[in-house]
Amino acid sequence: MSRFIEEEKRTHYCGQVSARDEGNQVVLFGWVQRRRDLGGLIFVDLRDREGIVQIVFDPDSDEALHAEARKIRGEYVLAVRGEVRRRPAGMENPHMFTGQIEVTVSAFEILNEAKTLPFSPEDEDVSENLRLKYRYLDLRRPAIQKNLILRSRLAIATRQYFNENGFIEVETPFLGKSTPEGARDYLVPSRITKGAFYALPQSPQIFKQLLMVSGFDRYFQIVKCFRDEDLRADRQPEFTQIDVEMSFITEDDIINMMEGLMKTVFKTCLDIDLLLPFPRLKYADAISRYGKDNPDIRFGMEIVDLTDIVKNSGFKVFSDAAGSGGAVKAIRAEGAASLSRKELDGLKDFAAVYGAATLVWAKVNAADWTSPAFKFLTPQEAETIGLAMNATEGDLILFTAGTQKVVSDVLGNLRLHLAKKLNLIDPKALAFTWVTEFPLMEFSETEQRFVSTHHPFTSPFIEDLPFLATDPARVRARAYDLVLNGSEIGGGSIRIHRRDIQAQVFSALGLGDEDAREKFGFLLDALEFGAPPHGGLAFGLDRLTMIMTGADSIRDVIAFPKTQKAACLMSEAPSEVSSEQLAELSLKIV
RNA sequence: GGGGUCGUAGUUAAGUUGGUUAUAACGCCGGCCUGUCACGCCGGAGGCCGUGGGUUCAAGUCCCAUCGACCCCGCCA
C-alpha cells in the first residue's frame with residue numbers, strides 16, 4: 001500500500017499551483033507529461049485534469065531521491081510532496097499557466113509505471129482509429145477533457161435552471177414498446193416472454209405526455225435516446241436529450257422558458273450574454289429563403305426565386321422546370337467570380353449529390369455575364385435576373401432548376417458549402433432562430449403514405465383541421481425547432497390532448513383504429529381520463545455541446561462513442577454471444 | 001444500399017516510370033550532461049508496407065477482392 005495515499009492528501013491540482021503558494025508545502029498527484037533529465041537536475045512536467053506544473057529533482061538536496069527520480073518515464077503516475085518556489089529570474093515560462101513557479105520535490109512515490117503509450121496526450125494528429133481503440137488514453141488529452149467538463153457544467157446548469165423553475169426530473173423506462181413510426185428501433189429480446197421484444201426509446205415522448213396527464217405539470221429529464229439509423233459526424237446511435245414537457249401552456253410559454261435556459265447555460269458555461277428573444281422564422285420562409293428547415297443565418301446569400309421571370313424564357317432548362325410545377329432559383333456569391341473553371345465543376349459535382357440535374361453559373365461583368373447560359377437568355381431576361389439578384393460586377397450567380405424540393409436541397413446545401421469555402425462565417429457568431437409552423441405531415445415516396453414531420457402526437461393548427469382528411473400536406477403543426485448556427489439543437493410541439501383529434505391524425509397517417517389501439521392504446525386511454533393541454537421540447541445535448549465547445553465531431557463530446565459502423569473499437573461491442581445465451585432468449589441467427 | 005478519402009516502424013508521414021538492404025521526424029532503449037521547458041549531444045533497437053489473391057524475372061508501387069477508419073447521399077417521427 002502506498003504511503004502517500006495513506007498518509008497524504010492532495011493539496012492542489014497541478015494546474016492550480018500558483019505564485020500565491022510560494023514557500024508552501026504541496027502534495028500533488030498526476031501523470032508524467034514529459035521529463036527532462038539534465039544529468040544533474042531532473043525536470044518533470046506533472047499533469048492532472050486541471051493542468052501542468054513543473055517539478056524539480058535536485059541531486060544536491062537529496063541524492064537518493066534524485067537517483068530514484070531517474071527511473072521516472074512518460075505517463076508514470078506520481079505522488080509528490082514539495083515546496084512551491086518562484087523560478088530563478090529568467091527561467092519563467094510565459095507559455096505555462098504555472099510558469100512562474102515550480103515545485104522542488106522533497107518526497108515522492110511512483111504510484112504506477114506505464115508502458116510506452118500508443119500515442120501521447122500531447123499528440124494532436126492521431127488517427128481516430130487509434131484514439132477510439134485506446135479511448136481512455138485519448139481522454140487524457142486536455143482538449144477532450146475540456147469538452148467533457150463543459151458538458152458536465154451544461155448538464156448541471158440545466159438541472160439547476162429547471163429546478164429553479166419548478167420542474168421535476170422523472171426517469172422513464174429504457175425497456176419499452178416498439179412503435180411503428182419514426183426511426184428504426186433498437187430491440188431487446190425478452191427472456192420471459194419468448195418471441196417478444198422491448199425497444200429502447202427513440203425518445204421518452206409518450207411517457208412525458210403521460211406525466212402531464214398525471215399532473216406533474218412541469219417535467220424534465222436528461223436522458224439517453226436510441227435510434228438504429230446510420231451515423232454522421234453529428235449523429236450517434238445513442239445520444240442524450242434534455243427532455244422537457246409543460247402543462248397549461250402555449251407555444252410562447254415554452255419558447256420563453258427555453259430561451260431562458262439558453263441564456264442561463266451560455267452565461268454559466270461560457271460567460272456569453274445572449275440577446276432575447278431569438279428571431280422566429282416560419283418553416284415555409286426558412287425553406288424559401290435558405291432551402292432548409294435548419295437555416296444557418298450567420299450569413300446572407302439568400303435564395304432568390306426566378307421562376308416567374310424565366311417561365312417563358314427561350315432557355316429550355318429554365319422554362320421547362322418553371323412550366324411543370326418546378327422552380328428556378330439562384331443564389332449570389334458576392335465577389336466569387338474569381339472561382340476557377342475547376343472550382344465551378346466542383347460545385348456542379350457537389351450539387352449533383354443533392355439531385356441537381358443542372359447547375360448553371362454566371363460570372364457578372366460590367367455589362368454582361370460570362371456564362372454558358374448567357375446566349376440563351378434575352379438581354380431583358382438577363383437584366384431582370386440581375387436586378388432580382390442584386391448582382392454587381394465580380395459576383396457569381398448559381399442557378400438551378402427542377403422540382404421544388406430538389407431546388408431547395410441543392411441551393412440550401414450549396415449556400416452552406418460556398419459560405420465555408422469563401423469564409424463568410426464568423427466563427428464566434430451564435431445565430432439562434434426558431435423555426436415554426438412546420439407541416440404536420442409529409443408524403444413519403446418510399447412508404448407511399450403521409451408520415452408525421454415531427455411525431456404523430458403533434459397538435460395541428462385548429463383552423464387547419466378541415467384539411468386533415470382532404471389535403472394533409474396543407475395542415476400546419478404547432479411545432480417549433482430551435483436552430484443554432486444551422487444545427488437543429490432542439491425541437492418540440494404543442495401536443496394533441498383530445499382523443500378525437502388524435503384519432504383523426506392517426507387516420508390521416510393511415511393508422512387504422514385497431515392499429516392505433518394496439519400500438520398506442522394506453523395513450524389514447526389516457527387522453528380520455530382528463531389530459532391537460534400540454535406541450536414540450538427536447539434539446540440534443542450532444543449537438544449543443546458540440547457548438548459550445550467548437551467540436552467538429554459528436555464523438556469529441558461523448559466519452560465513449562461509436563464508430564460509423566456503430567461499433568466501440570475499445571470494448572469491441574457489438575459482439576457475438578454464446579449459443580446458451582441465444583437459446584435462453586429463443587433466438588436463432590439466420 | 002450507394003459515392004468519395006485514407007490504411008507503410010510505437011506515432012505522423014515520404015517512398016519517382018514496378019528494380020539492390022523501405023526513408024525521415026517524433027517516440028522508445030543505452031551513454032554523457034546541474035536551469036530545462038519541443039532540453040541538448042552521441043549511439044542503438046524497431047517493419048505481416050491492413051489482409052487475401054492475381055499480373056510480372058521482380059510489387060509498398062499495377063489489377064481484383066476483402067477488412068477497418070473518416071466524410072457525404074439515402075435513412076434519421
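Below, chains carry the letters A, B, ... as their sequence lines are ordered, and counting in each starts from 1.
- For A:D45, the side chain to side chain donor-acceptor pair (under 3.5 Å) partners two or more places apart in sequence, or in a different chain, are A:R36.
- Along RNA chain B, the nucleotide closest to A:R235 and the one closest to A:L569 are compared, and the more 5′ of them pairs with A:L569.
- One finds a salt bridge joining A:E75 and A:R47 here, because a Lys/Arg side-chain nitrogen approaches an Asp/Glu carboxylate oxygen to under 4.0 Å.
- Between A:F350 atom CZ and B:rU5 atom P the separation is 17 Å, expressed in whole Å.
- Going from atom CD of A:E442 over to atom C1' of B:rC75 covers 14 Å, rounded to whole Å.
- Pair check for B:rG27 finds none; no Watson-Crick or G-U wobble contact set falls under 3.5 Å.
- Here A:T563 reaches the OP1 or OP2 of B:rA69: one of its side-chain N or O atoms lies under 4.0 Å away.
- A heavy atom closer than 4.0 Å to some atom of RNA chain B occurs in no member of residues 481-495 of chain A.
- Side-chain atoms of A:K565 lie closest to B:rG68 of the nucleotides B:rU34, B:rC37, B:rG68.
- Contact check on A:R86 versus A:E92 returns no salt bridge, with no Lys/Arg side-chain nitrogen under 4.0 Å from an Asp/Glu carboxylate oxygen.
- Contacts with RNA chain B (heavy atom under 4.0 Å) in residues 402-410 of chain A: none are found.
- Checking B:rA69, B:rC76, B:rC37 against the side-chain heavy atoms of A:A183 singles out B:rC76 as nearest.
- Taking atom CZ of residue A:R135 and atom P of nucleotide B:rA69, one finds them 15 Å apart after rounding to whole Å.
- Remark: C1' of B:rG74 and CG of A:L231 are 14 Å apart, rounded to the nearest angstrom.
- Among residues at least two apart or in separate chains, ring-ring contact (aromatic ring centres under 6.0 Å, His included) pairs with a member in residues 479-507 of chain A are A:F506-A:F520.
- Contact annotation: side chain of A:N93 to base of B:rU36, donor-acceptor pair absent below 3.5 Å.
- In the region residues 41-52 of chain A, proximity to RNA chain B at under 4.0 angstrom, judged on heavy atoms, holds for A:L41, A:F43.
- Closest to the side chain of A:E102, out of B:rG30, B:rC70, B:rU36, is B:rU36.
- Considering only side-chain atoms of A:R85, the nucleotide from B:rG35, B:rU11, B:rC71 that sits closest is B:rG35.
- As judged by a 4.0 angstrom heavy-atom cut-off over every strand, A:D125 is placed among residues touching the sugar-phosphate backbone only.
- A salt bridge is absent between A:R85 and A:E83: the closest approach of a Lys/Arg side-chain nitrogen to an acidic carboxylate oxygen does not fall below 4.0 angstrom.
- Listed nucleotides B:rC29, B:rC76, B:rU36 differ in distance to A:R36; the shortest reach to its side chain belongs to B:rU36.
- When the side-chain nitrogen and oxygen atoms of A:R232 are compared with OP1 and OP2 of B:rC73, one or more of them lie within a distance under 4.0 Å.
- Side-chain atoms of A:F438 and A:D481, non-hydrogen and from C-beta on, do get closer than 4.5 Å to each other.
- The side chain of A:M91 sits closest to B:rG35 out of B:rC37, B:rC72, B:rG35.
- For A:E122 and B:rC39, the CD to C1' distance is 13 Å, given to the nearest whole Å.
- Between A:E251 and A:R478 there is a salt bridge, with a side-chain nitrogen of the basic residue lying less than 4.0 Å from a carboxylate oxygen of the acidic one.
- A salt bridge between A:E122 and A:R141 is absent, with no side-chain N of the basic residue lying under 4.0 Å from a carboxylate O of the acidic one.
- Evaluated for a side-chain hydrogen bond (donor to acceptor under 3.5 Å, both in side chains) with A:D243, the options A:Q205, A:K208, A:Q221 yield exactly one hit, A:K208.
- A straight line from CG of A:D349 to C1' of B:rU5 spans 15 Å, rounded to a whole angstrom.
- When heavy atoms are screened at a 4.0 angstrom cut-off, A:S203 is found touching base atoms of the nucleic acid.
- Within the nucleic acid shown, A:R131 has no heavy atom closer than 4.0 Å to any nucleic acid atom.
- Of all nucleotides listed (B:rG68, B:rC37, B:rC39), B:rC37 comes nearest to the side chain of A:Q54.
- Here B:rU36 presents its P atom at 16 Å from CD of A:Q100, a figure rounded to the nearest Å.
- Nucleic acid contact class of A:P118 (heavy atoms, under 4.0 Å, all strands): sugar-phosphate only.
- Side chain of A:R34, nearest nucleotide from B:rA69, B:rG35, B:rG27: B:rG27.
- Across all strands shown, A:D228 has no heavy atoms under 4.0 Å from either base or sugar-phosphate atoms.
- Counting any heavy atom pair closer than 4.0 Å across all strands shown, A:V353 reaches sugar-phosphate atoms only and no base atom.
- Taking 4.0 Å as the cut-off between side-chain N and carboxylate O, A:D409 and A:K405 count as a salt-bridged pair.
- A donor-acceptor contact under 3.5 Å is not formed by the side chain of A:N129 with the base of B:rG7.
- Side-chain atoms of A:Y354 lie closest to B:rC73 of the nucleotides B:rC37, B:rC73, B:rU34.
- Within the nucleic acid shown, A:E128 comes within 4.0 Å of sugar-phosphate atoms alone, with no base atom in reach, counting heavy atoms only.
- Between A:R232 and A:D234, none of the side-chain N atoms (NZ, or NE/NH1/NH2) sits under 4.0 Å from a carboxylate O, so this pair counts as no salt bridge.
- Comparing A:G90 and A:E181 by the nucleotide of RNA chain B whose heavy atom lies nearest to each, the residue mapping closer to the 5' end is A:G90.
- Applying the ring-ring contact (aromatic ring centres under 6.0 Å, His included) test to residues at least two apart or on different chains, the pairs with a partner in residues 48-71 of chain A are A:F57-A:F108.
- For B:rU5, the paired base is B:rA69 (Watson-Crick or G-U wobble, both distances below 3.5 Å).
- The residues A:E488 and A:R235 are annotated as not salt-bridged, no charged nitrogen and carboxylate oxygen being separated by less than 4.0 angstrom.
- B:rC33 is unpaired under the Watson-Crick or G-U wobble criterion, no partner having all donor-acceptor distances under 3.5 Å.
- Of the side-chain N and O atoms in A:S127, one or more sit less than 4.0 angstrom from OP1 or OP2 of B:rU12.
- For the pair A:E229 CD and B:rG1 P, the interatomic distance rounds to 14 Å; values are reported in whole Å.
- Searching all strands for a Watson-Crick or G-U wobble partner of B:rG19 with both distances below 3.5 Å returns B:rC57.
- With salt bridges taken as basic N to acidic carboxylate O contacts below 4.0 Å, one links A:D138 and A:R135.
- Residue contacts shown for A:L130 are limited to sugar-phosphate atoms, with no base heavy atom under 4.0 Å away.
- On a pure distance criterion of 3.5 Å, a polar donor-acceptor pair joins the side chain of A:R87 and the base of B:rC37.
- Using a 4.5 Å heavy-atom threshold, the side chains of A:F174 and A:P204 count as separate.
- Proximity note for A:A233 (side chain, C-beta onward) versus B:rU34, B:rC71, B:rC28: the nearest is B:rC71.
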